[in-house]
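FYI, side chains are in, hydrogens and waters are out, and symmetry mates aren't considered; it's all heavy atoms of this structure.
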Amino acid sequence: MDFADSALIIDNIFDSQSLIASRTWEILHEGVFISPIYQSDDTSPRAAFLHYLPGSSIPTHLHAGFEHILILEGSQQDGDRLYSSGTLVIHRPGSHHWITSASGCLALGIWERPVRFN
């Protein structure tokens, strides 16, 4: 993480191939990868990029705080709702859901508090 002049700058977030190639990715769940942007400890707000391979999913989880998800490329499904590129989804604290991506997806996630998996 490089905070130049007190700001973290990430260029070209809508150029998915360059973004994926330039980041370090960790396995979040089978077929889903996460690239952290910031998080100071296990209870603090965090931001990360999420990369879903086609057919991958995230199991049901609970949001202790607000979750902001911006779909940068592809789409993801949350129950019966399909969110495609350019969609911003904000989940309230106390909400829970599971996510799947039939065609693959790249998203930016910002969490006020950590997510708890069931």
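Within the 4.5 Å cutoff, no side-chain heavy atoms of L53 are placed close to those of V32. The closest side-chain heavy-atom distance from R23 to I10 is below 4.5 Å. Contact of the E30 side chain with the S56 side chain is not registered, since no non-hydrogen atoms from C-beta on lie closer than 4.5 Å. In this structure, the side chains of L62 and V115 stay at 4.5 Å or more apart for every pair of heavy atoms. Counting only heavy atoms from C-beta outward, the side chains of F49 and I13 approach each other to under 4.5 Å. L50 places none of its side-chain heavy atoms less than 4.5 Å from the side chain of L106.
In this structure, a donor-acceptor pair under 3.5 Å is absent between the side chains of H63 and H96. Looking at S16 and E73, their side chains do bring a donor and an acceptor atom within 3.5 Å of each other.
Ring centroid separation for the pair W25 and H51 comes in under the 6.0 Å cut-off.
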### Query
Please walk me through it: do T60 and F117 pass side chain to side chain contact (heavy atoms under 4.5 Å, CB included)?
CA-CA 6 Å; T60 302; F117 288 93; over 6 Å; no
#### Entry: Verdict with supporting geometry, F33 and I27, side chain to side chain contact (heavy atoms under 4.5 Å, CB included)
CA-CA 5 Å; F33 301 88; I27 296 172; 3.6 Å; yes
### Query
Between C105 and I71, does a side chain to side chain contact (heavy atoms under 4.5 Å, CB included) hold up when you go through it step by step?
CA-CA 7 Å; C105 179; I71 310 300; 4.0 Å; yes
### Task
Walk me through it: do H97 and I58 pass the test side chain to side chain contact (heavy atoms under 4.5 Å, CB included)?
CA-CA 9 Å; H97 63 133; I58 294 286; over 6 Å; no
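How far OG of S101 is from CG of D78: 12.0 Å, rounded to the nearest 0.5 Å. We find the CD-CG distance between Q17 and L19 to be 11.0 Å, quoted to the nearest 0.5 Å. Atoms CH2 and NE2, on W111 and H91 in that order, are 12.0 Å from each other to the nearest 0.5 Å. The CG atom of D15 sits 8.5 Å away from the OG atom of S22 when rounded to the nearest 0.5 Å.
Cluster annotation: Y38 and I69 are assigned to distinct hydrophobic clusters (Ile/Leu/Val/Met/Phe/Trp/Tyr, side-chain heavy-atom contacts under 4.5 Å, transitive). Grouping the Ile, Leu, Val, Met, Phe, Trp and Tyr side chains by contacts below 4.5 angstrom, directly or via other members, places I37 with I20. When hydrophobic clusters are built by joining Ile, Leu, Val, Met, Phe, Trp and Tyr residues whose side-chain heavy atoms come closer than 4.5 Å, directly or via intermediates, W98 is not grouped with Y52.
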Ignoring hydrogens and angles, write down the donor-acceptor pairs under 3.5 Å from the side chains of residues 79-89, residues two or more places apart or on other chains.
from : atom 1 : to  : atom 2 : distance (Å)
S85  : OG     : L72 : O      : 3.1
T87  : OG1    : S84 : O      : 2.8

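Under the side-chain hydrogen bond (donor to acceptor under 3.5 Å, both in side chains) criterion, S44 pairs with S40, sequence neighbours left out.
Taking all atoms of both residues into account, the shortest heavy-atom contact from S103 to P54 is O-CG, 3.6 Å. Taking each heavy atom of Q76 and A107 in turn, the nearest pair found is NE2-CB, 4.5 Å. The two residues T24 and P36 have their closest heavy-atom pair at O-CD, 4.5 Å.
At distances below 3.5 Å, not a single donor-acceptor pair connects side-chain atoms of H68 with backbone N or O atoms of F66.
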